[in-house]
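Since the structure comes first, as structure tokens, the remarks are kept for the end.
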Amino acid sequence: MKKIVGIGNALVDIMTPIPDDSYLNQFGLPKGSMTLVDAEKSGQIKEVIKPLNSTLASGGSAGNTLYGLGILGIESSFIGKVGRDEYGNFYEKDLVDASLKPLLLRSDNPTGTAVALVSPDSERTFATHLGAAIELDKSELDNSYFNGNDILYIEGYLINNFPLVEQACRLAKENNMVVAIDLASFNVVNENRDHFKEIINNYVDIVFANEEEAKAYSGLSPREALDILSEKCSIAVVKLGAEGSLIKRGEEVIKVDALKSNPVDTTGAGDLYASGFLYGYSQDLPLDICGLFGSILAGKVIEVMGARMPAKKWAEAKKLLKSAKRD
């Protein structure tokens, strides 16, 4: 099996169901987006949601993806930065518990948090204070983090630190690694389209995007965006939510159905899709199976609150993965 290293914002998720979208309007948060907020605004949001039923989980987009890969038994590691605080210790322990190798740098500033406001229709909206996560610098990337690994997985939220992303890609290519990136969020793509295009054109082998991100990148429909993305990389994946996903490699186009499920919260769906896809890819399985694995994990994680599935849900997912692989 191929070994995978991920790099991303190490954040602790504060999952909070909200009774209506007035909470989003109050803080000017576009529904379904990830919005960066400063410490003051993050504190205000946390104060308002205190009466609600919040739960904590280690998160961050790449962290979620690598967590899934660790649970599935893929030898994986995660690069990120956290504070010298309880949130940072919590984050590191969670990686170790998932059989991941933590490559965590520590900061005197607090660990970043992502308040995930989950609307009644299961859509989630993130207000993210990056804290220590944003301090990760390209100079801190050691070649040993990449040497001996086969795949680098990058979360698109890091594009705000373009030198860091570019250096990670350079080191990956120097070590003959495949580079995969997820486009993160439509508003992040809108704000950083040129940087995304530069990274994809020069380094990326596998790109993941949902339909809104694909449209933000290309201005086109999902199917047309798939063609544009596939011209610049080996494998392009456009996720279509309940409609499944589209995968293209060369002239080969594959449509993968979504798993029938009972959605509670869409948090982590894209991250776990990437886990499933890369789980299959790391074993050199056909693209349709990789996509099916992605659909299975995405379909299961949306049946729970947050991006961390309990053991029972993982058992259900693994049973489906085993069946799909055998078939």
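Keep in mind that the numbers below use all heavy atoms, side chains included, and drop hydrogens, waters and symmetry copies. Computed from a predicted structure; not experimentally measured.
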_Worked verdict on Asp150 versus Lys3 for side chain to side chain contact (heavy atoms under 4.5 Å, CB included)_ = CA-CA 5 Å; Asp150 303 290; Lys3 298 178 182 178; 3.8 Å; yes
Are [X] and [Y] joined in one hydrophobic group, where the rule is that I, L, V, M, F, W and Y side chains link up if heavy atoms are under 4.5 Å apart?
X: Leu100; Y: Met309; value: yes
X: Tyr91; Y: Ile134; value: no
X: Leu152; Y: Leu95; value: no
X: Ile200; Y: Leu158; value: yes
X: Leu103; Y: Ile4; value: no

Contact check, side chains of [X] and [Y], non-hydrogen atoms, under 4.5 Å:
X: Asp142; Y: Tyr145; result: yes
X: Leu130; Y: Leu11; result: yes
X: Ile49; Y: Ser54; result: yes
X: Val115; Y: Val37; result: no
X: Asp194; Y: Phe162; result: no
X: Asn202; Y: Cys169; result: no
X: Lys41; Y: Asp38; result: yes

_Taking side-chain contact (heavy atoms from CB on, under 4.5 Å) as the criterion, tell me which of Lys300, Lys318, Arg308 meets it with Lys313._
Lys300
Would you say the side-chain atoms of [X] pair up with the backbone N or O of [Y], donor to acceptor, closer than 3.5 Å?
X: Asp13; Y: Met15; answer: no
X: Ser323; Y: Lys319; answer: no
X: Glu135; Y: Lys81; answer: no
X: Thr266; Y: Ser122; answer: yes
X: Asp182; Y: Ser61; answer: no
X: Ser139; Y: Asp137; answer: no
X: Asn149; Y: Ile151; answer: no
X: Thr111; Y: Gly83; answer: yes
X: Tyr157; Y: Ala184; answer: yes
X: Asn175; Y: Leu171; answer: yes

Look at atom [atom1] of [X] and say whether more than 12 heavy atoms of other residues, nucleotides or ligands are closer to it than 6.0 Å.
X: Tyr87; atom1: OH; value: no
X: Lys138; atom1: NZ; value: no
X: Asn53; atom1: CG; value: no
X: Lys93; atom1: NZ; value: no

Exercise: identify the closest heavy-atom pair between [X] and [Y]:
X: Tyr153; Y: Ala274; value: OH-CB, 3.6 Å
X: Pro120; Y: Asp21; value: CD-OD1, 4.3 Å
X: Ser245; Y: Tyr273; value: OG-OH, 2.8 Å
X: Ser77; Y: Leu66; value: O-CD1, 3.5 Å
X: Val188; Y: Gly156; value: CG1-O, 4.0 Å
X: Ala298; Y: Ala269; value: CB-O, 3.5 Å

*asked:* Phe293: which residues meet the ring pair (Phe, Tyr, Trp, His ring centres under 6.0 Å) condition with it, sequence neighbours left out?
replied: Tyr279
*Do the charged groups of Glu174 and Arg170 touch, with an N to O distance under 4.0 Å?*
no
*Show your reasoning for whether salt bridge (Lys or Arg N to Asp or Glu O under 4.0 Å) applies to Asp121 and Lys31.*
CA-CA 11 Å; Asp121 62 0; Lys31 188 172 181 178; 2.8 Å; yes
*Let me see the working for Leu72 and Leu297 under side chain to side chain contact (heavy atoms under 4.5 Å, CB included), right down to the final yes or no.*
CA-CA 11 Å; Leu72 293 172; Leu297 293 194; 3.8 Å; yes
Between atom [atom1] of [X] and atom [atom2] of [Y], what is the distance when rounded to the nearest 0.5 Å?
X: His129; Y: Asn9; atom1: NE2; atom2: CG; value: 11.5 Å
X: Glu191; Y: Asn160; atom1: CD; atom2: CG; value: 7.0 Å
X: Leu69; Y: Ser282; atom1: CG; atom2: OG; value: 7.0 Å
X: Lys239; Y: Ser295; atom1: NZ; atom2: OG; value: 11.0 Å
X: Thr125; Y: Leu29; atom1: OG1; atom2: CG; value: 7.0 Å
X: Leu272; Y: Tyr67; atom1: CG; atom2: OH; value: 10.0 Å

*Listed partners of Lys232 passing salt bridge (Lys or Arg N to Asp or Glu O under 4.0 Å), at least two apart*: none
*Only counting residues at least two apart or in another chain, list the ones meeting salt bridge (Lys or Arg N to Asp or Glu O under 4.0 Å) with Asp284.*
Lys2
Residues 204-219 side chain polar contacts: donor-acceptor under 3.5 Å, at least two apart:
residue, atom, partner, partner atom, Å
Asp205, OD1, Lys173, NZ, 3.4
Asp205, OD2, Lys173, NZ, 2.6
Asp205, OD2, Val179, N, 2.8
Asn210, OD1, Glu212, N, 3.1
Asn210, OD1, Glu213, N, 2.8
Asn210, ND2, Glu213, OE2, 3.0
Glu213, OE1, Asn210, N, 2.9
Glu213, OE2, Ser185, N, 3.4
Ser218, OG, Ala214, O, 2.8
Ser218, OG, Leu220, N, 3.1

*Stepwise, does the side chain to side chain contact (heavy atoms under 4.5 Å, CB included) test hold for Val165 with Tyr203?*
CA-CA 10 Å; Val165 173; Tyr203 300 104; over 6 Å; no
*Taking side chain to side chain contact (heavy atoms under 4.5 Å, CB included) as the test, write out the residues that go with Arg106, two or more places apart.*
Val82, Arg84, Asn89, Glu92
*Ile7 vs Leu141, side chain to side chain contact (heavy atoms under 4.5 Å, CB included): CA-CA, chis, key distance, verdict*: CA-CA 10 Å; Ile7 182 169; Leu141 296 180; 3.8 Å; yes
Please set out all donor-acceptor pairs under 3.5 angstrom arising from side-chain atoms of residues 246-258, sequence neighbours excluded.
residue, atom, partner, partner atom, Å
Lys248, NZ, Asp227, OD1, 2.6
Lys255, NZ, Glu243, O, 2.4

